[in-house]
Amino acid sequence: MINQYSGIAPRGDLLLIQKLCEQLRGKSFLHVNSTREGGGVAEILQRMIPLLKQFGIDAQWNVMEGDSRFFDITKKIHNALQGRRENITEHMWDYYYEVNSNNARTMNLQAHAVFIHDPQPAPFIEFREQRAKSKKNIWIWRCHIDIANPIAKVWMNIKKYIERYNAAIISVAKFSKALPIDEYIITPSIDPLSEKNRDVTNKEINEVVEKFNIPRDKPIILQVSRFDKFKDPIGVINTYQIVKKYNDCRLILAGSLAADDPEGKIILEEVLNYAGNDPDVHILLLPPDSHREINVLQRIADVILQKSLREGFGLTVSEAMWKEKPVIGGAVGGIPLQIVHGVTGFIVYSIEGAAFRIRQFLNNPDMIKRMGQHGKEYVRNNFLITRQIRDYLSVWYIIENKGKSVMEL
Ligand code: UDP
């Protein structure tokens, strides 16, 4: 129940959730995305759906199905929306639509509010009237990726679907687009009570350290990310190599492969080759449900990196800050919203900049501690799941009551 967050999450958020749930109790809230595990969207839905149910909302989560051809195409679309040139042929667009059509025709889409996450299932909106009982239902496109500078042609192909939703939700103001529908900015969030973020015992820490064979003899630099070019794993290794010339340390690059991300294996190979056989570099390929392991890695690290070149939000930043770790992150997507430069960590623009900031931390343990503590409070006030649930329910309530005067509510 909501009480479990008392004393952890801001009280105002809990009160608002309670009030909104009184208004929306028993109503159905469906989420559709393209993977049950791997990546930030699945991470949030895994926690949010059971919580919403506990709060009295009839929440459901459906995952669309596709074969490797479909996910190769949607990865290209994803990359192009984040600004990378990709060759997407007419046949590919047709297949994208066909798989969406097959999914939307067979999936139960009856719900008072339907949130369609990211571009993979965006064309579901075409089937709204066929599949939903009432036109009063609310359909929202929830975008988690960085669409600030997309390849124009690809955006136009997706935009024609987005325009038909009631509203769009983006994570960062600069991702907003000229759309004829309402746009809301809602940042993602972490659950402080999840396996990924809860407090852990020393025994659990020792178990994980032994399992991965990580000696705790020198400072640890960590980045946790899917193996993806936009997360810049090679840049992270280069950064470590500069730091290593001056400060002895270890680097852990921990990541998994997501079901809807076919490029991961290639990038992992590249990273393994690039890292060579340096005994102080640990490249860990983790199963997608390694929440406790990641929790421990984030806790044993001294400094955490998120050196992304493109980023939707970057949940790993808040996860690290919740564990009182300073974070050094690239100036992209939602990372600058989370890192208050010079207060909870540093924003960097280059490999050299990242190496400089890591060295600054390693040479100033007091600064690690101080910024780490600030980071935890910053996350508490801004990036906990209770705030995101509050925001989702608010948007739903506002759209459902559009046109009514305040006195009628
Ligand atoms: N994550 C994980 N295992 C991994 C790599 C990442 O569980 O090997 C989690 C990570 O802890 C975070 C999420 O996946 O909760 C990644 O979200 P983020 O927003 O940082 O990036 P995305 O993968 O969505 O681009």
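Ligands are counted one by one from 1 in listed order, and the atoms in each one are counted from 1 as well. Treat the numbers as computed from the prediction; the structure is a model and nothing was measured.
Counting only distance, with no hydrogens or angles, the side chain of Asp72 and the backbone of Pro262 share no donor-acceptor pair below 3.5 Å. Remark: side-chain polar atoms of His341 are paired, donor with acceptor, to backbone N or O of Ile347 under 3.5 angstrom. A donor-acceptor contact shorter than 3.5 Å links the side chain of Ser290 to the backbone of Pro287.
Of the options Trp139, Trp396, Phe55, a ring pair (Phe, Tyr, Trp, His ring centres under 6.0 Å) to Phe29 is made by Trp396 and by none of the others.
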Quiz item: Between Arg47 and Glu43, does a salt bridge (Lys or Arg N to Asp or Glu O under 4.0 Å) hold up when you go through it step by step?
Solution: CA-CA 7 Å; Arg47 297 295 300 175; Glu43 182 83 18; over 6 Å; no
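No more than 12 heavy atoms of other residues, nucleotides or ligands lie within 6.0 Å of CG in Asn149, so this atom counts as exposed by the packing criterion.
Interface atoms of ligand 1 facing Thr316, defined by a heavy-atom separation under 4.0 Å, are 10 (C), 12 (C), 20 (O). For ligand 1, the atoms closer than 4.0 angstrom to any heavy atom of Gly314 are 19 (O), 20 (O). For ligand 1 and Ser256, the ligand atoms under 4.0 Å from any heavy atom of the residue are 3 (N), 4 (C), 5 (C), 8 (O).
Within the structure, the closest approach of Gly312 to ligand 1 does not fall below 4.0 Å when heavy atoms are considered. The closest approach between a heavy atom of Ser290 and any atom of ligand 1 is not below 4.0 Å.
Summary of contacts: the protein heavy atom closest to atom 1 (N) of ligand 1 is Ile294 CD1, 4.0 Å. The shortest contact between atom 16 (C) of ligand 1 and any protein heavy atom is with Gly40 N, 3.6 Å. Summary of contacts: the protein heavy atom closest to atom 22 (P) of ligand 1 is Lys231 NZ, 3.5 Å. When only non-hydrogen protein atoms are considered, atom 23 (O) of ligand 1 lies nearest to Arg226 NE, 2.7 Å.
Polar contact with ligand 1: present for Lys196 (N/O pair, distance under 3.5 Å). For ligand 1, the polar-atom distance check against Leu315 finds a nitrogen or oxygen pair separated by under 3.5 Å. Note: no N/O pair closer than 3.5 Å links Gln298 and ligand 1 by distance alone.
Only the side chain of Glu319 comes within contact range of ligand 1, with a heavy atom under 4.0 Å; no backbone atom does. Contacts between Gln306 and ligand 1, counted as non-hydrogen atom pairs separated by less than 4.0 Å, are absent for every part of the residue. Residue contacts with ligand 1 for Asp228 are absent, since no atom lies close enough (heavy atoms, distance under 4.0 Å). Contacts between Val224 and ligand 1 below 4.0 angstrom, taking non-hydrogen atoms only, involve the side chain exclusively.
With a 6.0 Å cutoff to the six-membered ring centre and a 45° limit on the axis angle, Arg142 does not count as a cation-pi contact of Tyr392.
In this structure, a donor-acceptor pair under 3.5 Å is present between the side chains of Gln4 and Gln54.
Proximity of Arg387 to Ile186: side-chain heavy atoms (C-beta onward) are separated by under 4.5 Å at one or more points.
Heavy-atom minimum distance, Pro123 versus Tyr161: CG-CE1, 3.7 Å.
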